[in-house]
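Have a look at the structure below before the remarks.
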Amino acid sequence: MSNSTWSGRHTGKDALRQRIWSTLKAHKATRRDPVGHIPNFLGAEVAAARLAETSLWQRAQVIKCNPDSPHTAVRLKALVDGKTLYMAVPRLFRKKCFVELTATALEQKGVALKEAASMGGAMSHGRLMTYAEMQAIELVVVGCVAVTLNGGRTGKGAGFADLELAMLRECDLIAEDTPIVTTVHDLQVVDTALLPMQPHDWGLDLIVTPTRCLATDNNHPKPQGLDWDSIQPDQIANIPILRAWSKRRS
């Protein structure tokens, strides 16, 4: 099996990701080959609907979501429910690294909500935002390859989710108590001992699968902002906002 583009940063997590991708493939539980990706799992729409029934979702009016395919249904539900949706620009490759989407703005432009909920549609029809233009976020939805019941998570290994959250915290757009949730396949929920958490990792408060809502025992301290010691040179080189902030520090 081929490795993820970002393998090599943590051997334990690399091994776990490979295990999960192999398991999902063996069970034919994804719409495409999951290797190297946040798995586009079968039942993602059911999990999104289940998430939308929770009080965390219903209370939140401003939601941040990742751009990965399994969360297209989450993004669509946010728009249908009239929430302000922020989606991270894939790989954070722009200095304005979030797009804002609202049903009102999309309807004024004649854009169907389903079209705007896709990654490409969000990039085409959303409004690119600076951090100064964004509202405080009330619920965060992250993409995961593996999760644990104590709130542990790992993505595909690039560190984008942790960076996004650290930057939002740095700009006071998320707080200590902002809930962090995900939707995954049941096969992506693993034993706690298999997933080591690091100081710059952000834990989960809720895991939603097509069959269950799992409130976690999340005791992981939330980072107060960017941990520059853990940021990789390639991340600074390839992410414009990090590069700009790095120069400001020096």
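For the pair Q235 (side chain) and Q232 (backbone), a donor-acceptor distance under 3.5 Å is present. Here the side chain of H125 pairs no donor or acceptor atom with the backbone of A105 at under 3.5 angstrom. With hydrogens and angles ignored, the 3.5 Å screen pairs no side-chain donor or acceptor of D68 with any backbone N or O of P70. In this structure a side-chain-to-backbone donor-acceptor pair under 3.5 Å is present from D227 to D229.
Between R50 and P210, the closest side-chain pair of non-hydrogen atoms is not below 4.5 Å. In this structure, the side chains of D14 and R17 come closer than 4.5 Å at one or more pairs of heavy atoms. A heavy-atom distance below 4.5 Å is found between the side chains of V140 and I137. Looking only at side-chain heavy atoms (C-beta outward), T84 and Q61 stay at 4.5 Å or farther from each other. Considering only heavy atoms from C-beta on, V145 stays 4.5 Å or farther from H37 through its side chain. Taking the side chain as every heavy atom from C-beta outward, T183 and T209 never approach each other to under 4.5 Å. Looking only at side-chain heavy atoms (C-beta outward), R153 and T182 stay at 4.5 Å or farther from each other. Counting only heavy atoms from C-beta outward, the side chains of R127 and V99 never approach each other to under 4.5 Å.
Here the OG1-CE distance, from T148 to M197, works out to 7.0 Å after rounding to the nearest 0.5 Å. Summarising the geometry, atom CZ belonging to F98 is positioned 6.5 Å from atom CG belonging to L92; distances are rounded to the nearest 0.5 Å. For the atom pair W57 CH2 and L206 CG, the distance stands at 12.0 Å (nearest 0.5 Å). Interatomic distance, L51 CG to I63 CD1, rounded to the nearest 0.5 Å: 7.5 Å. Taken from CD in E170 to CG in L165, the straight-line distance is 12.5 Å, to the nearest 0.5 Å. A distance of 11.0 Å separates CG of L85 from CG of L139, quoted to the nearest 0.5 Å.
Enclosure of atom CZ in R19 is not indicated, since only 12 or fewer non-hydrogen atoms of other residues, nucleotides or ligands lie within 6.0 angstrom. Heavy atoms of other residues, nucleotides or ligands lying less than 6.0 angstrom from CZ of R94 number 12 at most. Heavy atoms of other residues, nucleotides or ligands lying less than 6.0 angstrom from NZ of K28 number 12 at most. In this structure, M134 places its CE atom where more than 12 heavy-atom neighbours from other residues, nucleotides or ligands lie under 6.0 Å away.
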Between N218 and T216, does a side-chain hydrogen bond (donor to acceptor under 3.5 Å, both in side chains) hold up when you go through it step by step?
CA-CA 5 Å; N218 180 15; T216 69; 4.8 Å; no
Does D186 form a side-chain hydrogen bond (donor to acceptor under 3.5 Å, both in side chains) with T211? I'd like the steps, not just the answer.
CA-CA 8 Å; D186 287 277; T211 65; 3.0 Å; yes
Quick one, Q58 with S55, criterion side-chain hydrogen bond (donor to acceptor under 3.5 Å, both in side chains). Give me CA distance, side-chain angles, the key distance, then yes/no.
CA-CA 5 Å; Q58 292 169 6; S55 59; over 6 Å; no
Report the C-alpha distance between C213 and T54 in whole Å, list the side-chain angles of each, state the deciding distance to 0.1 Å, and finish with yes or no for side chain to side chain contact (heavy atoms under 4.5 Å, CB included).
CA-CA 9 Å; C213 278; T54 66; 3.9 Å; yes
Output, in order, the C-alpha distance, side-chain angles, deciding distance and verdict of side chain to side chain contact (heavy atoms under 4.5 Å, CB included) for L149 and L214.
CA-CA 7 Å; L149 294 181; L214 303 166; 3.8 Å; yes
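Ionic pairing of D162 and R169 is not present here: no N-O contact between side-chain nitrogen and carboxylate oxygen is shorter than 4.0 angstrom. Ion pairing between a basic and an acidic side chain is recognised when a charged N comes within 4.0 Å of a carboxylate O; K83 and E138 show no such pairing. With respect to the salt-bridge test (charged N to carboxylate O, under 4.0 angstrom), the residues D201 and K13 qualify. Salt bridge absent: E45 and R75 never bring a charged side-chain N and a carboxylate O closer than 4.0 Å.
W245 and Y131 have tilted rings, their planes meeting at an angle from 30° to 60° on a 0 to 90° scale.
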